[in-house]
Amino acid sequence: MSGSAPTPLGIFGGTFDPIHYGHLRPALELREQLALGEVRFIPAAIPPHRGEPGASPQQRLAMLHLALDGIEGMSIDERELRREGPSYMVDTLRSLRDEVGARPLVLLLGFDAFLGLAAWHEWHSIIALAHLAIATRPGWERAQLQQQPELAQLWHERGSDDVTPLQQTPAGHMVMVEVTPLAISATAIRTQLRQGRTARFLLPDGVLDYIERNRLYLSD
Ligand code: ATP
């Protein structure tokens with residue numbers, strides 16, 4: 001349609017080691033609540049802020065395909081897996097910005113990830129390249145923001161409950177979004193599997209079957 005503003009593009013980065021319903025359901029709700037045209041899942045190759053993932057990049061990608069293929073409005077972007085070196089989100093956003101022009105970009109973060117933002121490479125540039133949409137996550141409270149003065153200040157300057165600027169401008173605004181609380185984490189899933197317990201119903205059946213077939217996460 002000529003003349004209508006392009007819908008915002010949601011960017012959901014993570015290790016996805018493995019992908020689970022605590023990623024999938026919040027991503028879907030953020031897409032709905034923020035009227036995102038699409039959510040792109042971007043698996044990190046070498047996550048800068050954590051240890052080696054338990055599954056290889058190819059296995060993590062295969063699990064994302066099992067979870068997302070055929071789901072409307074969700075896609076997978078392999079650019080961090082193809083890039084050499086650490087997977088800095090700022091580099092990812094720069095390359096996306098080159099592709100999308102002025103289309104709004106919305107970086108989706110769980111509240112825990114947002115609390116770590118001030119340690120990210122060139123984090124001040126991130127908010128110039130994208131909006132931030134922060135999803136609530138069980139175990140992390142809004143009051144914890146006060147322990148991070150730089151982020152509290154950023155929220156004070158850029159945060160609001162109004163989601164319309166995310167439709168109208170390319171970058172620079174922040175919103176906090178209540179999503180269905182799902183106390184699911186990849187760490188807990190890996191621990192359960194290592195201990196011989198089942199992770200069924202915490203993640204899609206196809207992903208769990210893949211994990212079992214490939215004997216993933218059986219040791220540290
Ligand atoms: P790990 O336990 O290995 O740290 P994780 O379950 O937190 O993994 P990541 O791949 O590190 O998953 O997270 C990717 C993104 O998804 C982050 O922004 C994180 O905050 C968000 N996220 C993960 N699980 C949830 C959840 N249950 N609710 C809301 N957001 C979540």
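Numbering of ligands and ligand atoms starts at 1, following listing order. Below, all heavy atoms of this structure are taken into account, side chains as well, without hydrogens, waters or symmetry copies.
- When each atom of ligand 1 is checked for a heavy atom of Arg190 under 4.0 Å away, the hits are 3 (O).
- In terms of polar-atom proximity, defined here as any N/O pair under 3.5 Å, Ala183 makes no such contact with ligand 1.
- For the pair Asp112 and ligand 1, a heavy-atom separation below 4.0 Å is found.
- To the nearest 0.5 angstrom, Gln144 atom CD is 5.5 Å from Gln147 atom CD.
- Listed by number with element, the atoms of ligand 1 under 4.0 angstrom from any heavy atom of Leu109 are 18 (O).
- Between Arg79 and Arg40, the shortest heavy-atom distance links the atoms NH2-NH1, 3.5 Å.
- The closest non-hydrogen atom to atom 12 (O) of ligand 1, taken over His23, Arg60, Arg137, Glu29, comes from His23.
- Both the backbone and the side chain of Ala186 come within 4.0 Å of ligand 1, judged by heavy-atom distances.
- In summary, the atoms of ligand 1 found under 4.0 Å from a heavy atom of Thr187, numbered by their order in the structure, are 1 (P), 2 (O), 3 (O), 4 (O).
- Against a heavy-atom cut-off of under 4.0 Å, Thr136 is close to the following atoms of ligand 1: 29 (C).
- Pairing each heavy atom of Ile76 with each of Pro43, the nearest pair is CG2-CD, 4.4 Å.
- The two atoms that bring Gln167 and Ala35 nearest to each other are NE2-CB, 3.4 Å, heavy atoms only.
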Less than 3.5 Å apart, which donor and acceptor atoms pair up between the side chains of residues 61-70 and the rest of the protein, not counting sequence neighbours?
residue : atom : partner : partner atom : Å
His65   : ND1  : Asp69   : OD1          : 2.9
His65   : ND1  : Asp69   : OD2          : 3.2

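- The stretch residues 131-141 participates, sequence neighbours left out, in these salt bridge (charged side-chain N to carboxylate O under 4.0 Å, His left out) pairs: Asp112-Arg137.
- In summary, the atoms of ligand 1 found under 4.0 Å from a heavy atom of Gly14, numbered by their order in the structure, are 10 (O), 14 (C).
- Atoms of ligand 1 found under 4.0 Å from any heavy atom of Phe16, numbered from 1 in the order shown, are 10 (O).
- For ligand 1, the atoms closer than 4.0 angstrom to any heavy atom of Gly13 are 14 (C), 15 (C).
- Looking at Leu182 next to ligand 1, an N or O pair under 3.5 Å apart turns up.
- Among the atoms of Gly110, some N or O lies under 3.5 angstrom from an N or O of ligand 1.
- Against a heavy-atom cut-off of under 4.0 Å, Phe12 is close to the following atoms of ligand 1: 15 (C), 16 (O).
- Between Phe12 and His23, the two ring planes are perpendicular [angle over 60°; tilted spans 30° to 60°].
- Scanning both residues, Gln146 and Ala152, for their nearest heavy atoms gives OE1-CB, 4.0 Å.
- Closest non-hydrogen pair, Pro18 versus Ile189, comes out as CG-CG2, 4.1 Å.
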